Amino acid sequence: MHIIMKLRTIYVLFFTASLLLSCSDKYLDVPSQTVNSENYFTQEQDFNKALIATYSLLYSSYLNVMLGEIASDNTLAGGESAQDVPGIQEIDNMTHTPVNAQLRNIWQWMYAGIARCNYIMEFKDNIDFTNKQGIIAQVRFLRAYYYFELVKWFGGVPLYIDKRLAFGQQNTIERASATQVYEQIEKDLIFAVDNLPMTQADKGRATKGAALALLGKAYLYQNKFDLAASTLQKVVDQGTYQLADDYARMFEQEGENNAESVFEIQYTDNTNGDGAGFDCLQCSPGNIAIGFSGIRAYNGPTFDVGYSFNVPTKKLVDAFENGDIRKDVTILDIVTWSAANNATYAKGFEHTGYYNRKYIARKGDRNIPDQNLTNPNNYRAIRYADVLLMLAEAYAKSSTANESQAKVYLNVVRSRAKLAAVNFSGNNLIEAIYKERRVELAGEGHRFFDLVRTGKAAQEMKGDNEQGTFVTGKHELFPIPQVEIELTGNRWKQNPNY
């Protein structure tokens, strides 16, 4: 059964005190029928319900994905005008400040997920049952996932585990270093690897392969290339995953949860009539990025309407080699498409003529009652192709520089794209891997962080094509939301140069 389908039947439990620093007021409206948290975890189904509620904060990571593209040289903010969602425009222009609303959303929503994880961990010893270790392993995977998002965006962040935050602790909790956050991520994921199964009956649940892949990615982000290589190699060796035969179908509904999916966030348009609203975007079980990235005022076949944010740049389009089958799957040339299909559309702000075809609305979905907030398109958070390219990079940069293995995994990905194998070495091989990551994963939210971790952001983001200019020593991280600093009595130091 789809895990996402269960979520709408469960009350969002607990968390009043633990979300003091991490959540919007929406979560503080605890319904009167909520069970007393101190007396809750008394049977296995209580843990299962709380776990499902913990998965639900993955919905809100749509924003992380969309902004991971917009912050990079892959896409422009777009929208209706230069004033349409100012926070998104600021991130595109690299003029964001500590009062950026979207950055605070990322902070709040990821900490809301962590708070739910910690709530379960606080009461994990209440009772014993057969599958408890499996549930705790999923909880720790999710906590690592949420912390990994935070450390990517903000660097060192407050680190608290295994219990709720009590009222008043905001006056004493400190920011941990990025190293300390990564250490906790590694601990959680190593536990998850040791206690998760290869496969799960419910789609969308964390598995051993997902934990290994995320652990390998965390090592790669820390330049621990030997560890990244050995960890990611285990994902390959377990034999659970393979590249999808049809790259085009992989991003359609029939391609969800296929053999290439290592970890996939399950969205749905089944809202039981509740729908979604702009007052609580994180509450929507639909993928909001789909509507935001859709075609403005579109009328025609196949695709559906949207708000025309996150529009690909000509620079990204030109990055694809001749004959690369991924180009037409990734990029929708709306001018060519409209002419061929008798379709109409409106030009939005920063119109480039292109849309992110992987993640825009398709016709045939219910999307009720708000069409642009309840799209059911899953987000492929970790694909096997990503694992292979991370593994290629780790081998190329490892202490032994195993270039032959690096080329094997790079060329497997290129072969699926109908491109010739490459036989580079040294820095040319590494650059080829970087380029392959860009075109293989375009539109999937990885580009900005790849540029930062590889030291190429300033080189690639020079203010061209209406994009902001990356400032070295500042834009590697985003600012801690100012209101969070104020809640601590201004004790936390802001990230450099904000």
Side-chain angles (χ1 to χ4, degrees), residues 1-4 6 44 47-48 50-52 54-55 57-58 61 113-114 116-117 120-121 124 129-149 161 182-222 224-244 250 256-266 378-395 405 409 412:
M1 182 178 181
H2 244 245
I3 185 174
I4 205 74
K6 300 176 182 178
E44 181 177 353
F47 283 88
N48 280 313
L51 175 61
I52 291 170
T54 303
Y55 272 98
L57 262 297
L58 292 173
S61 61
I114 290 166
R116 296 185 183 193
C117 294
I120 297 172
M121 294 297 291
K124 66 182 176 64
F129 51 90
T130 302
N131 191 40
K132 189 170 83 168
Q133 284 294 83
I135 287 178
I136 299 305
Q138 291 179 71
V139 171
R140 294 188 68 171
F141 171 88
L142 290 170
R143 184 167 66 185
Y145 191 97
Y146 294 130
Y147 266 126
F148 183 66
E149 287 298 311
I161 60 171
Y182 273 117
E183 286 174 354
Q184 183 58 46
I185 290 170
E186 291 171 12
K187 290 177 184 177
D188 280 342
L189 290 174
I190 289 169
F191 181 90
V193 167
D194 291 341
N195 291 279
L196 285 173
M198 294 285 195
T199 61
Q200 295 272 20
D202 287 346
K203 295 176 181 178
R205 298 265 186 161
T207 62
K208 182 184 293 288
L212 281 168
L214 187 55
L215 178 60
K217 189 172 186 176
Y219 287 142
L220 193 69
Y221 270 62
Q222 299 174 81
K224 297 179 178 180
F225 301 118
D226 290 353
L227 282 171
S230 61
T231 302
L232 294 167
Q233 185 64 55
K234 292 176 183 176
V235 182
V236 175
D237 292 345
Q238 77 176 43
T240 305
Y241 311 103
Q242 63 184 39
L243 294 182
M250 181 164 49
E256 292 181 346
N257 300 301
N258 62 32
E260 187 166 335
S261 178
V262 180
F263 187 63
E264 189 162 323
I265 296 175
Q266 312 291 307
N378 286 358
Y379 171 57
R380 287 71 167 167
I382 306 175
R383 290 199 286 118
Y384 190 51
D386 186 8
V387 171
L388 294 178
L389 292 174
M390 288 192 292
L391 182 53
E393 181 181 342
Y395 274 132
Q405 279 293 87
Y409 295 121
V412 166

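Source: prediction; values computed, not measured.
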> Listed by chain and number, what are the salt bridge (Lys or Arg N to Asp or Glu O under 4.0 Å) partners of Glu260, not counting sequence neighbours?
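By the salt bridge (Lys or Arg N to Asp or Glu O under 4.0 Å) rule, Glu260 matches Arg383, Arg416.
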
> Is there a side chain to side chain contact (heavy atoms under 4.5 Å, CB included) between Ile120 and Ile136? Walk through the geometry before answering.
CA-CA 8 Å; Ile120 297 172; Ile136 299 305; 4.3 Å; yes

> Scan for salt bridge (charged side-chain N to carboxylate O under 4.0 Å, His left out) pairs involving residues 224-244, sequence neighbours excluded, and state none if there are none.
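Applying salt bridge (charged side-chain N to carboxylate O under 4.0 Å, His left out) to every pair that reaches into residues 224-244, excluding sequence neighbours, yields Glu186-Lys224.
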
> For side chain to side chain contact (heavy atoms under 4.5 Å, CB included), just list the numbers for Phe148 and Tyr182, CA-CA rounded to whole Å, side-chain angles, deciding distance to a tenth of an Å, and then say yes or no.
CA-CA 8 Å; Phe148 183 66; Tyr182 273 117; 3.9 Å; yes

> Heavy-atom distance under 4.5 Å between the side chains of Val387 and Tyr241, does that happen here?
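With C-beta onward as the side chain, the pair stays apart.
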
> As an exercise, state the distance from OH of Tyr384 to CG of Asn258, rounded to the nearest 0.5 Å.
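The distance works out to 13.0 Å.
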
> Using atom types as modelled and distance alone, determine if a side-chain donor or acceptor of Gln200 lies under 3.5 Å from a backbone N or O of Ala206.
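Yes.
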
> Hydrogens and angles aside, do Tyr55 and Gln138 bring a side-chain donor and acceptor to less than 3.5 Å of each other?
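There is such a pair between these side chains.
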
> Side chains of Met390 and Thr231: closer than 4.5 Å at any heavy-atom pair?
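A side-chain contact under 4.5 Å is absent here.
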
> Checking Lys217 against Asp386 for the side chain to side chain contact (heavy atoms under 4.5 Å, CB included) test, could you report, in this order, the C-alpha distance in whole Å, the side-chain angles of both residues, the deciding distance, and whether it holds?
CA-CA 10 Å; Lys217 189 172 186 176; Asp386 186 8; 4.2 Å; yes

> Could you check whether any side-chain N or O of Glu149 sits under 3.5 Å from a backbone N or O of Tyr145, counting only pairs where one atom can act as donor and the other as acceptor?
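It does not hold such a pair.
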
> If we only count heavy atoms from C-beta on, is the Gln238 to Leu212 side-chain gap below 4.5 Å?
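The answer is yes; the side chains approach within 4.5 Å.
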
> Working to the nearest 0.5 angstrom, can you tell me the gap between Gln233 CD and Leu388 CG?
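Answer for the CD-CG pair, Gln233 versus Leu388, is 9.5 Å.
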
> Taking Leu58's backbone N and O only, do any of them form a donor-acceptor pair with Ser61's side chain (distance below 3.5 Å, no angle check)?
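Flag set: sc Ser61 to bb Leu58 pair under 3.5 Å.
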
> Can you check whether Asn257's main-chain N or O pairs, donor with acceptor, with Glu264's side chain at less than 3.5 Å?
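Present.
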
> Between Lys208 and Pro197, is there a donor-acceptor pair closer than 3.5 Å when you use the side chain of the first and the backbone of the second?
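A pair under 3.5 Å: no.
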
> Does some side-chain heavy atom of Leu142 sit less than 4.5 Å from a side-chain heavy atom of Leu51?
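They are in contact (side-chain heavy atoms under 4.5 Å apart), so the answer is yes.
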
> What is the distance from atom CZ of Arg205 to atom OG1 of Thr199, rounded to the nearest 0.5 Å?
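Those atoms lie 13.0 Å apart.
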
> Above 12 or not: heavy atoms from other molecules or residues under 6.0 Å from NZ of Lys124?
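Check fails, neighbour count at 12 or below.
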
> Within this structure, what is the SG-CG distance for the pair Cys117 and Asp188, rounded to the nearest 0.5 Å?
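It comes to 8.5 Å.
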
> Do Val139 and Met121 make a side-chain contact, defined as non-hydrogen atoms from C-beta onward lying under 4.5 Å apart?
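Of all side-chain heavy-atom pairs linking Met121 with Val139, at least one is under 4.5 Å.
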
> Which class fits the ring pair Phe263 and Phe141: parallel under 30°, tilted 30 to 60°, perpendicular over 60°?
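Judged by the thresholds at 30° and 60°, the geometry between Phe263 and Phe141 is perpendicular.
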
> Taking the side chain as everything from C-beta on, heavy atoms only, tell me whether Val236 gets closer than 4.5 Å to Leu232.
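Side chain of Val236 against side chain of Leu232, heavy atoms only: no contact under 4.5 Å found.
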
> Does the Asn195 side chain pair with the main chain of Phe191, one donor and one acceptor, at a distance under 3.5 Å?
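Answer holds: yes.
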
> Going from NZ on Lys187 to CG on Leu215, what distance comes out if it is rounded to the nearest 0.5 angstrom?
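Here the rounded value is 13.5 Å.
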
> First locate atom CG of Leu189, then atom CG of Asp194, and finally report the distance between them rounded to the nearest 0.5 Å.
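Leu189 atom CG to Asp194 atom CG measures 11.0 Å (nearest 0.5 Å).
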
> With sequence neighbours excluded, what pairs up with Glu44 under the side-chain contact (heavy atoms from CB on, under 4.5 Å) test?
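Here the qualifying residues are Asn48, Phe129, Asn131.
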
